[in-house]
Amino acid sequence: QDNATMEDKNVQPTASAEGAGGRRKRPRRDSPPPHNPTVSISSAPPPPAAPRCPYLDTIDRAVLDFDFERLCSVTLASSHVYGCLVCGRFFAGRGQGTQAYLHSLDSGHCVFVELSTGRFYCLPDGYEVVDGGLDDIREALDPRYGHVGEPGGRVGLVLDSSSALSRDLFGRRYLPGYIGLNNLGKTDYVNAAMQALAHVGPVRDYFLLTSRNGDREARWTPLALRFGELMRKMWSDRRFKSNVDPHEMVQAISTASKKRFHINRRADVSEFLSWFLNNLHTGIGGTRKPGSSVVHEAFQGFVDVTTRQRRRSSALDRASLRAAANDDRLGSDDEEGGGASAPTAAPRAAATEVKESTSRTPFLMLTFDIPERPLFKDDTQGGVVIPQEPLFNILRKFDGEGGYRLRKLPDYLILVLKRFRRNNFATEKNPTIVTFPVKNLDLENYVFSQPGSGKGTPAAVPRALANKYDLVANICHDSPAEVGREGRHDPLEDGSYRCHVKDGASKQWYEMQDLHVMETMPQLIGLSESFVLVFERKRLGG
């Protein structure tokens, strides 16, 4: 009876709750909610788990190469391009009837990656694949960087102080940032310039961190976008191969220059570097305002140029013409030649005046003419001796007496030693070796800062180090021995470029010529036919 009474008590609230009209009475505020194990108290149900793709074991990382231009291998379309992770080929689209969809049906390759976003899909089913085992492919496709202290942060002092070697997919070791670039057909001058710019700290860090700021990158030109991608690939320590093929970079250069710098056409590296820095400056939003881009912040300096122009005073010139017209002795055979010209010589000399004007001009690089000295033979050994010229003799151009006065030097100073001279018949090269110090290049005597202005010295640099520089990159040009003989007359077209760069962590110098990377001694750098020198202002502790 007691049990029946308890059951009646348990049933009674349920019956009373569903009273007349089928409405449930509102429970009391102090009563706990009824327990129902099949209903979750959370406001939203958990998201469904992504389906696991059963074809992940068919991925072949050895055939993946994301350095090629991102075009469909069938239609050459450049939008919505997907890479097959089984064969490595690129196809457009992933919907029914697209090239990627048809390839998955014909070949049985099911795993694809969208090259623009790094998202993975399984075709022909069409669902997205989310798996942590694919992070290495995403990193090889588009390396990501962050500030020191952030997750995955590698930018800043970490890159400059780390000399740890990495391994590619085939077990080959390489040092990030010091890897070879493939020559696509006389593009060694592009490779040398890219190697030099990759070791300019502010420019490198700016483009490495761009991957975290999509809004900034959306306003860039294709040339700036391709340069940023190349920098991120060169400094990546998670590459599948130990070199980089700059296909997209060379294609963007050819398009932006209207084929002035094109494949299978070697060019002057100084002309290319000048064009590239100006287009890179405008490509990331730079203006005429000084310091409006990272390019100007790193390379821009100021020089005062004094020009002298001879002019004739209008009044004196008219008097001279009247005197010459009224002179009956002009052209007379009775007078001596000296006497006939004497009356007009004085007014003409007095009518000439020299006017000087000085203008302050910004620069990104300084160009020097190498003095030409003839080659001579060694009497003892009978060989040809190439003349040498110290850099400080060439720097006399900016000693203040030749019309040029340096007012402010940039943090990274680019010096161009002009070696090629073109005439109507051929291109000639000056092989004179310019010797220079690798460390502690002192330019104090060549900077004419205004008294009390302090504009020539950065605030963070002590006065003693303001105009002292260390070499960070050297681009030199080599001419083969056959140049100048029968059938070979162009040293620019038949020569080759190479670049020397310095590892900041180990202080080791490397010589890089296309795919070849080797160690070298700093004593040999000053004895090469240097073309472009990149110096960095000394820092505290440097």
Side-chain angles (χ1 to χ4, degrees), residues 178 180-181 183 186-200 266-273 365-376 378 383-395 412-421 427-441 469-484 490-504 506-536:
Y178 302 83
L181 299 177
N183 191 336
K186 296 184 179 181
T187 59
D188 49 345
Y189 67 97
V190 177
N191 295 343
M194 296 300 105
Q195 295 283 10
L197 294 178
H199 293 84
V200 177
R266 187 171 283 111
D268 189 327
V269 68
S270 62
E271 297 178 359
F272 167 72
L273 192 59
M365 57 179 63
L366 298 177
T367 304
F368 299 89
D369 294 325
I370 304 177
E372 296 186 3
R373 294 189 178 185
L375 302 178
F376 60 91
D378 189 1
V384 177
V385 177
I386 300 178
Q388 298 185 10
E389 187 75 17
L391 178 62
F392 292 100
N393 292 346
I394 302 177
L395 288 174
Y412 288 84
L413 179 64
I414 301 179
L415 304 181
V416 177
L417 307 177
K418 196 170 183 61
R419 292 192 174 274
F420 294 102
R421 185 180 62 181
T427 301
E428 299 178 355
K429 178 185 176 182
N430 189 343
T432 302
I433 295 178
V434 179
T435 58
F436 55 88
V438 177
K439 296 184 63 177
N440 297 322
L441 175 63
Y469 288 82
D470 292 339
L471 185 70
V472 295
N474 171 47
I475 301 176
C476 55
H477 181 270
D478 299 324
S479 298
E482 295 82 4
V483 171
D490 194 345
L492 176 61
E493 187 69 20
D494 299 326
S496 59
Y497 291 95
R498 53 193 172 98
C499 182
H500 300 102
V501 294
K502 179 184 178 182
D503 181 14
S506 62
K507 309 301 180 183
Q508 174 66 49
W509 282 90
Y510 291 91
E511 176 182 315
M512 292 182 287
Q513 186 174 13
D514 297 333
L515 294 176
H516 302 283
V517 180
M518 62 192 75
E519 297 181 355
T520 187
M521 295 184 297
Q523 293 82 359
L524 299 178
I525 298 176
L527 300 178
S528 60
E529 296 182 11
S530 299
F531 202 154
V532 178
L533 306 173
V534 182
F535 287 92
E536 179 187 12

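This one's a predicted model, so the numbers in the text were calculated from it and none came from an experiment.
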Straight-line distance of [X] [atom1] to [Y] [atom2], nearest 0.5 Å:
| X | Y | atom1 | atom2 | result |
| --- | --- | --- | --- | --- |
| I475 | I414 | CD1 | CD1 | 8.5 Å |
| Q508 | K502 | CD | NZ | 10.5 Å |
| E389 | I370 | CD | CD1 | 9.0 Å |
| R266 | F272 | CZ | CZ | 13.5 Å |
| L415 | Y469 | CG | OH | 9.5 Å |
| L441 | L533 | CG | CG | 9.0 Å |

Less than 4.5 Å apart, side chain to side chain, heavy atoms only: is that true for [X] and [Y]?
| X | Y | answer |
| --- | --- | --- |
| M194 | V190 | yes |
| N430 | L417 | no |
| P371 | I394 | yes |
| P491 | E428 | no |
| H500 | S528 | yes |
| D268 | F531 | yes |

Can you confirm if the aromatic rings of H477 and Y189 lie within a centre distance of less than 6.0 Å?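 No: the rings miss the under 6.0 Å criterion.
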
Locate the shortest heavy-atom distance separating [X] from [Y]; write the atom from each residue and the value.
| X | Y | result |
| --- | --- | --- |
| D470 | N440 | OD1-N, 2.8 Å |
| V438 | P522 | CG2-O, 3.8 Å |
| Q195 | C499 | CB-SG, 4.1 Å |
| L527 | I433 | O-CD1, 3.5 Å |
| F535 | P437 | CE2-O, 3.8 Å |
| Q513 | Y497 | CG-O, 3.5 Å |

Parallel under 30°, tilted from 30 to 60°, perpendicular over 60°: which one fits the rings of H199 and Y178?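 H199 vs Y178 ring planes: tilted.
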
Using atom types as modelled and distance alone, determine if a side-chain donor or acceptor of R419 lies under 3.5 Å from a backbone N or O of S530.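 A pair under 3.5 Å: yes.
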
Quick one: does N183's side chain have a donor or acceptor within less than 3.5 Å of a partner on T187's backbone?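 Present.
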
Pairwise salt bridge (Lys or Arg N to Asp or Glu O under 4.0 Å) hits with a residue in residues 515-535, at least two apart: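 Output for this query lists K429-E529.
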
Just do the side-chain contact (heavy atoms from CB on, under 4.5 Å) check on V434 and F368 with the steps written out, would you? CA-CA 11 Å; V434 179; F368 299 89; over 6 Å; no

Would you say the side-chain atoms of S496 and D188 include a donor-acceptor pair closer than 3.5 Å?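 No donor-acceptor contact under 3.5 Å links the two side chains.
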
